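Remarks on the structure that follows.
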Amino acid sequence: MLFWATLKVWQKASLFLAVFLVLGLLGMTVFWAGRTVYEPLFTGLEVEDQSAIVAYLRENKIPYQLDPAANAILLPRSEVYEVRLSLAQEGLPRGGSTGFEIFDDSKMGMSEFQQRISYVRALEGELQRTLTQMDAIDSARVSIVIPEQRLFLEQQLPSTASVMVRLRPGARLEPDQIRAIIHLVSHSVDGLQPDNVAILDARGRNLSDMLLDEPFVYSSDGRGTVTSLQRIMERERERDLEHKVRPMLENSFGPGNYSVVIKVDLDFDKKKVSTKEHVPQGDTGQGIVRSTNKTDESYTGQSAAAPGVPGTTTNIPGYSINTQPVATDYNKTETTVNFEISSRESDEVVTPGGIRRVTASVLVNREQMPEAELAELRVLVSGAIGFNEARGDSVVVQARRFDTTWAESLAEEFRRDRMLRVAMGSVIALVTLACLGATGFWWLKRRRMRAALESVQKESKHVPTIQEMLTSPDMLAFQGEMAVLEEQLKAYARNNPAEVANLVNEWISSDS
């Protein structure tokens with residue numbers, strides 16, 4: 001009790017608070033140590049699986065809790081793994097779908113139509129289970145259409161399939177993963193081609209369009225239709241040309257004194273040109289000789305006299321006819337030359353993505369510029385963007401004073417805001433420094449006072465005099481009034497023992 005009486009009020013309050021905190025921590029420790037810890041048995045369950053598992057737990061009288069936020073069932077930590085093994089023997093969870101186990105309880109008398117529908121359901125369920133094994137897919141729904149077999153092949157309709165996937169938060173499917181899903185589904189269904197598999201996500205986006213072999217979409221006539229990907233390609237080309245023009249304009253007119261806009265029109269048409277021409281070869285320019293056929297005929301001798309020309313003249317009386325042999329010399333040469341037919345064939349494929357037309361507009365922050373300077377600037381910009389007049393490119397350069405009122409007001413607002421932040425930071429820093437300085441000064445003063453008192457007590461047990469206490473009031477507050485008086489009496493008794501003895505005798509005599 002003497003110790004408790006010597007404590008000050010704040011010291012007593014500190015002891016009460018410390019005891020309360022210790023008891024509270026001990027109580028919480030005991031509470032959490034004796035509390036049953038629940039862990040997830042399964043998470044992300046479908047409604048069918050939840051109902052089946054809850055029925056099993058109730059039947060076996062196993063305590064459980066439900067977590068609607070995560071679609072999970074919680075069990076005590078000591079029973080989680082054992083119950084998982086037991087549920088696995090029961091075939092739970094099934095993943096919200098029924099697979100080929102649908103035929104485990106097949107009924108007698110099922111028609112062919114019922115068997116076909118059951119087979120499709122089982123196939124859809126197995127594919128759904130397989131797709132949910134992917135890390136990015138939370139749940140999946142597969143619909144398969146297998147048409148009936150027709151007698152004629154041209155009347156047979158193709159099989160089709162559609163896949164709806166729900167992705168996990170923050171996850172996305174890469175093109176390789178989408179291609180893998182199409183490959184899996186198409187190879188799991190008889191007669192299903194990859195082109196007949198459609199994949200959609202929960203937001204309604206058609207993910208199958210991401211798997212085109214070429215980054216262009218073509219219509220039935222072979223012409224490309226502009227897509228978002230192609231627009232991105234045009235924008236990248238425009239940025240590249242603007243990046244080439246900006247340094248030149250910035251060095252000439254300074255930052256902020258120019259504006260440049262470039263529009264690039266890319267050609268996404270797919271073209272193929274085939275050319276075949278016959279080209280003669282050889283030194284003569286007639287081609288290569290394939291074959292030559294030469295025939296020579298000659299005859300030398302005498303031939304019989306001509307019998308005369310039929311007609312009126314030869315029938316006139318007195319007309320004479322020469323019947324003597326006539327010398328004859330006959331020569332004939334015939335040459336046939338066949339040349340090889342030389343041909344040249346070439347196929348030219350125009351790759352989509354070429355530049356069809358480029359237009360550039362440059363505006364300079366000037367009141368006016370001479371026409372010669374504008375023409376020179378136009379030539380420089382044309383060279384930077386690869387100007388081609390044959391394809392219809394155009395470059396427009398004009399000088400006009402910019403309106404900088406809004407920019408200047410915004411800069412002024414930013415400047416005032418920055419000055420306000422600097423002023424507030426300076427005030428906070430000064431206040432913090434003042435508090436730190438006052439705390440340091442008080443701490444140093446307190447330390448010096450304690451050091452002075454300890455040194456005095458260690459050296460000679462010096463008792464402060466009245467004069468010292470008057471000059472140093474902190475010394476009296478530090479040691480206490482009773483302690484100072486006690487030390488004063490002890491020192492007086494040591495220095496004046498006779499006077500103290502007489503005083504004690506007088507007290508004793510007066511009491512008696």
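Keep in mind it's a predicted model, so treat the numbers as computed, not measured. Every heavy atom of this structure was used, including side-chain atoms; hydrogens, water molecules and symmetry mates were not.
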What is the distance from atom [atom1] of [X] to atom [atom2] of [Y], rounded to the nearest 0.5 Å?
| X | Y | atom1 | atom2 | answer |
| --- | --- | --- | --- | --- |
| Gln155 | Phe152 | CD | CZ | 6.0 Å |
| Leu410 | Glu408 | CG | CD | 11.0 Å |
| Arg246 | Ser259 | CZ | OG | 7.0 Å |
| Asp201 | Leu207 | CG | CG | 4.5 Å |
| Asn257 | Phe402 | CG | CZ | 7.0 Å |
| Ile262 | Asp240 | CD1 | CG | 9.0 Å |

Practice problem: Could you check Ile181 against Ile137 for side-chain contact (heavy atoms from CB on, under 4.5 Å), going step by step and ending with a plain yes or no? | Solution: CA-CA 11 Å; Ile181 293 175; Ile137 298 178; 4.0 Å; yes
Taking [X] first and then [Y], would you say they form a salt bridge - that is, a charged N and a carboxylate O separated by under 4.0 Å?
| X | Y | answer |
| --- | --- | --- |
| Arg356 | Asp267 | yes |
| Arg237 | Glu234 | no |
| Arg378 | Glu376 | no |

Self-check item: Any side-chain donor near an acceptor of the partner, Thr160 and Asn196, under 3.5 Å
Solution: no
Self-check item: Any side-chain heavy-atom pair of Gln149 and Gln156 under 4.5 Å
Solution: yes
